[in-house]
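We name chains A, B, ... by the order of the sequence lines, and we start the count at 1 in each one.
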Amino acid sequence: MTEPLKLIQVEVLRYRPEQDEKPYPATYTIPFNDDMSVLEALQYIKEELDSTLSYRWSCRMAICGSCGMMIDGVPALACHSFVRDYYPRTLRVEALDHFPVERDLVVAADDFIGKLESIKPYLVAREVRRLDQGEHLQTPVEREHYAQFSACINCMLCYAACPQYGMNHEFIGPGVMALLHRYNEDSRDGAREQRMELVNAEEGVWNCTAVGYCSQVCPKGVDPANAVNINKINSARDFFLGSARAPDALPMPEVPVVNGPGYVRPMAGWWRKNPSFIRYMLRESTALLVAIYALVLLAGLASLASGESAYNGWLSWLASPAGSALHVVALAAMLYHSWSWFEIMPKTMPPLIVRGKRVAAGVITWSGVGAAVASTLALFLIVWSLAS
Amino acid sequence: MEIVETDVAIVGAGGAGLRAAIAAAEADPSLKIALLSKVYPMRSHTVAAEGGAAGVVLPHDSLEHHFNDTVSGGDWLCEQDVVEYFVANCTREMVQMEHWGCPWSRKDDGHINVRAFGGMKIERTWFAADQTGFHMLHTLFQTSIKYPSIERFDEYFVLDLMVDDGRCQGLLALQIRTGKFVLIKARSVIIATGGAGRVFRQSTNGGVVTGDGMALAYRHGVALRDMEFVQYHPTCMPGTGLLFTEACRGEGGILVNRDGYRFLQDYGLGPPDPWPRKKAMELGPRDRLSQAFWHEERKGRTIDTPQGTAVLLDLRALGRAHIQERLPLISDMAQRFMGIDPADTPIPVRPAVHYTMGGIGVDGLCASSLPGLYAVGECASVGIHGANRLGSNSLAELCVFGKVAGEQAARHARTCPPAFSSALEALGAGARRRALALRKREGGSERIAVLRREMALTMERGCGIYRSGDEMAATCEKLAELRARYHSVRVDDKSDGWNTDWLQAIELGFQLEVAQAMAHSALNRRESRGAHQRIDGYAERDDINFLTHSLAMYRGEDEPEIVHGSVTITKSKPALRAYGAAGEHAEQSLTGAAHD
Amino acid sequence: MKKRSNAPIFWALFGAGGMLAALTGPALVFMTARGLPWRSMLPADMLSYHNMQAFAQHGLGKLFLLAIVVLYMWHAAHRIYKSLHDVGIHPGPLPKAVCYGSALAASVLAAGALLAVGF
């Protein structure tokens with residue numbers, strides 16, 4: 001190696017409970033080359049600078065799920081993140097969000113493990129076969145149906161990404177719900193009705209507000225946001241149309257909350273720390289304008305029922321500076337609502353298969369936008385034809 | 001110190017450990033099972049295995065074919081009676097995995113799909129995309145949750161076995177989170193801790209593969225068998241050593257040198273066409289392919305990369321769609337780590353240490369020479385791999401022998417004397433004292449990372465793909481020096497909980513002893529067989545003097561003693577180990593002879 | 001055993017209202033923005049008392065206006081209730097009553113106004 005090595009500052013959040021009252025940042029300067037992963041950077045620190053640094057790791061190839069951490073404020077696998085992408089800024093490494101910090105970059109995983117164990121995460125065969133009868137048949141299409149959700153490496157990045165889990169540990173969470181969905185969607189499995197009990201609870205799917213960040217950070221393309229939100233449809237269908245429960249099926253035990261030891265970091269101000277969260281809050285806040293606009297229309301209906309002069313009063317308010325300002329803000333909000341609604345729509349739907357191929361998320365979103373444009377034109381057409 | 005009493009204690013919760021736990025739980029639900037692992041089960045290195053697990057299914061395949069492929073693949077160092085049991089039970093275990101939910105890849109009619117693998121005459125490798133180990137491990141872990149009698153001890157590090165009265169009666173473990181010690185009294189102990197690839201510099205292995213269980217048994221007088229046989233997987237990422245599965249070649253990938261030439265045809269594996277073809281060219285056995293690389297490097301026909309020399313794995317002929325469907329993981333790895341899209345560009349690859357054929361010597365029932373102690377999986381030498389393992393036999397081994405080990409351990413727990421020795425508490429206290437002494441020592445002068453690096457470098461030199469007596473002897477000397485220097489190893493971290501500095505020091509101790517067993521076994525074997533190839537006048541197989549197992553016996557601070565053990569030959573007499581055209585010819589003359 | 005949540009009711013209303021707002025919201029705001037420059041693009045008497053009265057008296061017109069007000073309010077109520085949690089106001093009977101109660105009140109008033117307009 002003839003090229004001079006570059007240097008980078010690595011700031012690691014340290015915490016040794018036997019000595020430290022709370023976590024604190026420590027900065028190390030290390031040489032690196034373009035191949036170096038963040039995991040290798042941590043190994044360099046441990047081997048050459050400070051052997052007291054503790055972290056989990058093993059496979060180095062994003063399949064064992066051990067090395068999940070907050071890298072530059074984003075949940076990521078250290079073995080799959082490269083130092084070159086953070087240079088020349090300081091590389092910040094911290095323990096995974098939303099879990100208690102046991103030591104340095106090690107979090108207490110107890111809650112995740114406890115939840116995973118509680119969902120009947122194994123095949124309950126629909127059709128019992130003896131070994132000598134060979135395998136259950138399952139076509140490639142049937143396998144495709146759940147394959148994506150079976151790819152979860154249990155790295156817990158999605159739990160670090162999920163603010164709902166961060167605020168409320170009773171929420172079953174994205175990864176475990178993806179695993180539950182994997183089994184429900186496996187053509188060989190027959191325990192769907194039992195697992196629906198966990199899905200239907202408030203802490204099942206209903207704590208999810210479709211932030212979608214979990215799927216963004218997932219290193220294996222599992223798309224847990226999809227798994228959770230598909231199950232909102234399943235749960236609602238269950239609720240409105242009723243479900244047949246096997247008469248002898250045991251009720252499912254509660255999904256536990258197992259906090260595990262360690263330093264708990266506060267959630268306050270969580271959404272200000274990350275552009276994805278800021279966009280989410282912006283999206284949610286459009287609801288205020290939707291409500292206000294609906295109330296404006298309600299006022300219009302009330303004035304319409306009261307007579308012409310009352311109604312004309314409403315009309316002049318619409319045209320007033322205050323009314324106009326409101327409309328400008330409301331229009332922006334409605335447009336952003338419309339866009340973000342169709343942007344998240346693919347996540348909320350089961351896969352759409354057309355002619356044997358899965359319809360891409362982008363196609364679904366733009367179709368939605370197209371529908372909005374079409375309905376806008378239709379409204380204008382109706383208005384013009386009524387007027388003439 | 002906390003004391004736990006159990007019936008079966010299992011050290012290691014990878015594929016073999018989990019399968020054993022399930023088998024023990026099914027054999028007798030009233031037995032208590034303690035399953036310990038220094039990492040959460042799904043982090044075990046089984047997870048990284050990619051290509052597949054063997055099991056005869058095709059109508060034109062047979063147990064005899066699988067048997068012959070395995071025994072010749074192992075260069076006739078296999079325990080043939082054990083191989084017979086193995087091949088007869090693979091398929092049943094793979095079906096069991098399917099019944100437990102394993103997402104095997106399928107044919108269009110819904111039946112299991114099988115693919116070709118190195119050294120195998122007929123397709124018999126069951127696979128789940130290119131993440132078979134991942135899917136098998138997760139299936140086993142999730143299935144194990146069904147059994148209330150399995151109590152898991154996640155992130156517990158086992159420090160020592162408790163042996164008294166001539167039998168193994170438990171172990172001493174450390175809860176990594178707190179640093180608290182726990183003495184587990186067990187009627188049977190199964191070791192399933194995996195291989196020891198990390199005594200080398202470049203390996204496919206994860207950080208946990210440090211030979212812990214091998215050292216634990218070894219220190220208590222159990223022989224480590226055939227340790228000189230270390231498999232170099234021919235197609236790994238230069239630098240990191242990460243694995244590009246054999247399935248790349250099973251699906252039709254080829255290996256070319258700097259001249260774009262399929263060099264394997266020069267090493268008795270040709271002719272190059274037709275391709276793909278079983279047991280020929282890129283589907284030859286791993287030892288032969290790694291050895292070919294070594295020769296090409298010597299001849300200057302490898303390419304240079306910043307991480308070392310390499311040859312090229314060319315997958316372009318497969319097409320993007322096929323790569324995405326069958327080899328998604330390796331495609332992602334090439335792109336992420338190397339910036340290479342295998343559909344457009346060949347991938348630089350080179351051999352790296354992958355698998356430890358040798359291990360804790362056990363019989364066909366997974367029982368070691370120490371009553372009450374069983375071993376299974378890569379940490380064991382049950383006798384099916386011999387001098388070289390065929391791909392996809394290892395994942396199958398975890399299931400077939402996991403079941404055996406679990407059932408045998410359960411039987412032993414029921415039939416052995418129920419009372420534990422009164423000496424166990426004192427033994428436990430002793431082990432605890434020794435472990436703490438390592439941590440508390442002040443003024444150590446040797447750094448863990450330095451010792452580890454020197455060990456890895458000397459192992460690469462002395463126990464590489466080709467070996468010479470001088471280099472092996474130098475490695476043995478170096479390892480003795482490192483073991484002496486280990487007494488002054490420095491542990492800077494004095495904390496109780498999550499002290500990975502301390503744990504790495506303990507692991508280094510295990511590694512040095514296992515490495516020594518490997519190097520001395522290698523020096524002692526004056527022949528070339530399978531993965532142990534010498535270039536110092538012992539280039540041929542010597543079936544007269546060395547159709548024997550190497551048994552490394554622990555001698556404390558001194559170098560290990562190597563003794564020999566006999567090999568069980570039943571149906572397959574040692575013959576020419578040939579692949580490619582030579583292999584087909586040899587086979588034809590064999591069948592010709594049978595007809596006479 | 002876990003208690004089944006009644007969230008599906010509110011979620012279904014949220015979903016219907018959100019879709020309706022996504023499809024019609026910008027257009028409606030555009031149309032009622034009487035003080036903004038683009039109003040010249042629309043018929044001058046579009047929102048006149050006579051036109052709107054006729055519209056609101058027609059069965060389909062009633063349905064449309066009711067759907068807009070009711071579904072927009074239930075969509076917003078659910079979203080705001082969930083967002084209160086995001087900014088630290090945790091779920092409970094009081095926030096729930098305020099949010100969904102407002103939606104209920106608005107629905108009743110809208111129905112009332114549409115009946116009062118006549119047929």
Side-chain angles (χ1 to χ4, degrees), chain A residues 1 16-19 33 35 37 46-48 50-66 80 82 102-104 106 108-109 113 116-117 120-123 125 129 131-140 142-143 146-147 150-154 179 183 186 188-189 261, chain B residues 39-40 42-45 47-48 92 94-96 98-101 103-112 129 131 133-135 138-139 142-143 145-146 154 177-178 206-209 239-240 242-243 306-307 329 332-333 336-337 447-449 490-493 495-501 504:
Chain A
M1 207 143 26
R16 284 162 304 177
E18 294 158 44
Q19 299 161 256
N33 59 33
D35 289 332
S37 64
K46 187 173 179 67
E47 288 178 8
E48 307 295 335
D50 186 345
S51 66
T52 67
L53 176 62
S54 284
Y55 47 90
R56 291 190 177 108
W57 70 286
S58 189
C59 74
R60 308 164 293 143
M61 54 189 273
I63 195 74
C64 75
S66 304
H80 225 213
F82 295 90
E102 276 193 58
R103 161 85 185 245
D104 295 331
V106 178
I113 298 294
L116 189 154
E117 291 175 343
K120 279 206 206 307
Y122 41 80
L123 198 72
R129 283 172 90 92
L131 286 180
D132 62 275
Q133 290 175 302
E135 70 268 34
H136 297 93
L137 293 185
Q138 182 171 76
T139 64
E142 285 173 329
R143 185 185 185 277
Y146 67 92
S150 72
C152 172
I153 61 176
N154 299 354
L179 186 63
Y183 280 106
D186 190 326
R188 305 167 288 181
D189 181 84
Chain B
V39 292
Y40 280 105
M42 57 288 201
R43 316 298 182 212
S44 307
H45 207 56
V47 81
R92 197 201 67 223
M94 296 305 107
V95 172
Q96 176 66 86
E98 193 278 333
H99 283 194
W100 283 334
W104 296 116
S105 291
R106 305 283 180 148
K107 298 193 299 225
D108 288 334
D109 65 2
H111 283 290
I112 298 293
Q131 298 173 64
F134 163 80
H135 282 296
H138 279 245
T139 299
Q142 286 158 18
T143 299
I145 290 167
K146 275 199 291 199
D154 294 328
R177 156 178 286 175
T178 57
V208 295
V209 189
T240 57
L242 295 177
L243 177 67
Q307 291 82 16
L329 176 70
D332 183 72
M333 256 169 61
R336 197 78 183 229
F337 286 86
R447 284 176 45 221
I448 297 170
R490 228 172 87 185
V491 177
D492 289 329
D493 190 346
S495 43
D496 285 318
W498 270 104
N499 189 335
T500 49
D501 195 20
Q504 284 193 1

Donor-acceptor pair, distance only, cut-off 3.5 Å: does the side chain of [X] make one with the backbone of [Y]?
X	Y	result
B/Arg106	A/Pro140	no
A/Glu102	B/Trp498	no
A/Ser54	B/Asn499	no

Between [options], which residue shows the highest count of heavy-atom pairs closer than 4.5 Å to chain B?
options	result
A/Gly65, A/Ala125, A/Pro17, A/Ala109	A/Gly65
A/Leu123, A/Asp50, A/Leu131	A/Leu131
A/Gln19, A/Arg16, A/Gln133, A/Arg56	A/Arg56

Picking from [options], which has the most non-hydrogen pairs under 4.5 angstrom with chain A?
options	answer
B/Asp154, B/Thr143, B/Leu243, B/Ile112	B/Ile112
B/His45, B/Arg447, B/Gln504, B/Arg490	B/Arg447
B/Gln307, B/Met42, B/His135, B/His99	B/His99
B/Val491, B/Ile448, B/Val47, B/Val208	B/Val47
B/Pro103, B/Ala48, B/Gly239, B/Gly133	B/Pro103

Going from CG on A/Asp104 to OG1 on B/Thr500, what distance comes out if it is rounded to the nearest 0.5 angstrom? 7.5 Å
Here the gap from A/Ile63 atom CD1 to B/Phe134 atom CZ, rounded to the nearest 0.5 Å, amounts to 5.5 Å
Is it the backbone or the side chain of [X] that comes under 4.5 Å from a heavy atom of chain B, or both, or neither?
X	value
A/Ala108	both
A/Arg60	both
A/Ala62	neither
A/Leu53	backbone
A/Glu117	both
A/Glu48	both
A/Gln138	both
A/Asp186	side chain
A/Asp132	neither

Go through the steps to decide whether B/Asp493 and A/Thr52 satisfy the test side-chain hydrogen bond (donor to acceptor under 3.5 Å, both in side chains), and finish with yes or no. CA-CA 5 Å; B/Asp493 190 346; A/Thr52 67; 5.2 Å; no
Classify the ring geometry between A/Phe82 and B/Phe337 as parallel (under 30°), tilted (30 to 60°) or perpendicular (over 60°). perpendicular
Minimum-distance pair of heavy atoms, taken over all atoms of [X] and [Y]:
X	Y	answer
B/Arg43	A/Asn154	NH2-O, 2.9 Å
A/Ser51	B/Asp501	OG-OD2, 2.9 Å
A/Glu135	B/Val95	N-CG1, 4.1 Å
B/Gln142	A/Leu179	NE2-CD1, 3.6 Å

Determine, for B/Asp492 against A/Lys46, whether the closest basic-nitrogen to carboxylate-oxygen distance falls under 4.0 angstrom. no
Contact between [X] and [Y] at the side-chain level, heavy atoms closer than 4.5 Å - yes or no?
X	Y	value
B/Leu329	A/Met61	yes
B/Ile145	A/Leu116	yes
B/His111	A/Leu137	yes
B/Arg177	A/Val106	no

Between B/Asp332 and chain A, with a heavy-atom cut-off of 4.5 Å, which part of the residue counts as in contact: side chain, backbone, both or neither? side chain
What part of B/Ser44 is in contact with chain A, defined as an atom under 4.5 angstrom from a non-hydrogen atom: side chain, backbone, both or neither? neither
Would you check, one step at a time, whether the test side-chain hydrogen bond (donor to acceptor under 3.5 Å, both in side chains) holds for B/Ser495 with A/Arg103? CA-CA 11 Å; B/Ser495 43; A/Arg103 161 85 185 245; 2.9 Å; yes
Take A/Arg188 and B/Glu98 through the salt bridge (charged side-chain N to carboxylate O under 4.0 Å, His left out) test and state the conclusion after the steps. CA-CA 10 Å; A/Arg188 305 167 288 181; B/Glu98 193 278 333; 2.9 Å; yes
